[in-house]
2 protein chains.
Amino acid sequence: MFMRKKCRRVNPENIKSLMEKVPDSEIITRMSAIFQALQSDTRLKILFLLKQKEMCVCELEQALEVTQSAVSHGLRTLRQLDLVRVRREGKFTVYYIADYHVRTLIEMCLEHVEEKS
Amino acid sequence: MFMRKKCRRVNPENIKSLMEKVPDSEIITRMSAIFQALQSDTRLKILFLLKQKEMCVCELEQALEVTQSAVSHGLRTLRQLDLVRVRREGKFTVYYIADYHVRTLIEMCLEHVEEKS
DNA sequence: TAAACATATGAACAACTGTTCATATATTAA
DNA sequence: TTAATATATGAACAGTTGTTCATATGTTTA
């Protein structure tokens, strides 16, 4: 990258103070990991299902018509980012949406998309 | 994928009606495109900057310390999904956050991440 | 008009991701 | 204990993405 010499709109002081309000890199990276997890049709569908009712892996598998492995990998991704949580119930592993942040996130995006169609 | 024969928790009727409430593929695909756009450190930082104040490309370029090309490509992605909008102002192209959905989306994610640290 | 500034875009390559396959582990029922 | 069910995980490959480089286009000023 080379430093451009002039841009009449740029005020270095302002730029600096604006950058200070941007969350630091660690936070940004964790945020992008979350969005990256939501960028998959399968994982999004999983969340829309769990939004209605907590479910075990084999229920999700039947609903989504993908392999058990794919569901399980998807759930792991979501779990690691604390977007979903787990509970053991006998031989079943029951997954559910972590909290209202996740619900709102999805709803905002859905509304945004539905607004223009 | 092979069809697993038994899963005591699965009730085919219920599964079916749950799937009916999952947005259809076109919507899901558009949602994942949005999340995919948010899954980039650079684009996220752009949004955090625009969240404070509308800015032109060269301001963003200075703030982020990446090439003008990278900023421009990033903005195009965000623009195509209507996450940011544009306005001409003389020789400057001024970008700004599209609407409150986008703001809320980012805020929910930030809160979620900050909650556990 | 020409020169300078501001932005956009195509190509290309390295890096990353999602799925499946194969297999391992865990739990329950017989 | 063994068989059946339920879930998890590593490897690997095809497909996708973000950045830079080079260049084109658009706008203003001199």
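Gln39(A) pairs by the side chain to side chain contact (heavy atoms under 4.5 Å, CB included) definition with Gln36(A), Arg43(A), Phe35(B), Gln36(B), not counting sequence neighbours. Applying the salt bridge (Lys or Arg N to Asp or Glu O under 4.0 Å) rule to Lys91(B) yields no partners; only residues at least two apart in sequence or on another chain are considered. The side chain to side chain donor-acceptor pair (under 3.5 Å) search around Asn14(A) returns none, not counting sequence neighbours. Partners of Lys51(B) according to the side chain to side chain donor-acceptor pair (under 3.5 Å) rule, which considers only residues two or more places apart in sequence or in another chain, are Glu107(B). For Glu89(B), the side chain to side chain donor-acceptor pair (under 3.5 Å) test picks out Arg9(A), Arg87(B), with sequence neighbours left out. Annotation: side chain to side chain donor-acceptor pair (under 3.5 Å) contacts of Thr42(B) (sequence neighbours excluded): none. Lys16(B) is linked by a salt bridge (Lys or Arg N to Asp or Glu O under 4.0 Å) to nothing, counting only residues two or more places apart in sequence or in another chain. Judged as a salt bridge (Lys or Arg N to Asp or Glu O under 4.0 Å), and not counting sequence neighbours, the contacts of Glu26(A) are Arg30(A).
Between Glu61(B) atom CD and dT20(D) atom C1' the separation is 13 Å, expressed in whole Å. Atom-to-atom, CG of Leu64(B) to P of dT20(D) comes out at 11 Å; the value is rounded to the nearest Å. Atom CD of Gln80(B) is separated from atom P of dT17(D) by 12 Å (rounded to the nearest Å). Computed from coordinates, the Met55(B) CE to dT7(C) C1' distance equals 15 Å when rounded to whole Å. Between the CG atom of Leu60(B) and the P atom of dA6(C) there is a distance of 14 Å, given to the nearest Å. Residue Phe35(B) contributes atom CZ, which lies 18 Å from atom C1' of dT17(C) at whole-angstrom precision.
Neither OP1 nor OP2 of dT16(D) sits under 4.0 Å from any side-chain N or O of Gln39(A).
Note on the helix from dT1(C)-dA30(D) to dA30(C)-dT1(D): angle between the axes of the first and last five pairs equals 20°, rounded to 10 degrees.
The pair Arg79(A)-Asp82(A) fails the salt-bridge criterion, with no side-chain N (NZ, NE, NH1 or NH2) lying under 4.0 Å from an Asp/Glu carboxylate O.
Taking every side-chain heavy atom of Gln36(A) into account, dG18(C) is the closest of dT19(C), dT19(D), dG18(C).
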Can you tabulate the close N/O pairs, meaning under 3.5 Å, that link protein atoms to atoms of nucleotides 25-30 of chain C?
none

Could you go through nucleotides 8-15 of chain C and list every protein N or O atom that sits under 3.5 Å from one of its N or O atoms, giving the distance for each pair?
from	atom 1	to	atom 2	distance (Å)
dA8(C)	OP1	Tyr95(B)	OH	2.8
dA8(C)	OP2	Ser72(B)	OG	3.1
dA8(C)	OP2	Tyr95(B)	OH	3.3
dA8(C)	N7	Gln68(B)	NE2	2.9
dA8(C)	N6	Gln68(B)	OE1	3.1
dT9(C)	O4	Ser69(B)	OG	2.8
dG10(C)	O6	His73(B)	NE2	2.9

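Between Leu110(A) and Phe48(A), some side-chain heavy-atom pair lies under the 4.5 Å cut-off.
Nucleic acid contact for Thr77(A): none, since no nucleic acid atom lies under 4.0 Å from a heavy atom of the residue.
Two residues, Arg9(A) and Thr42(A), neighbour DNA chain C, and the one matched to the more 5' nucleotide by heavy-atom proximity is Arg9(A).
Evaluation of the ring-ring contact (aromatic ring centres under 6.0 Å, His included) test over residues 74-105 of chain B, restricted to residues two or more places apart or in two chains, returns His112(A)-His101(B).
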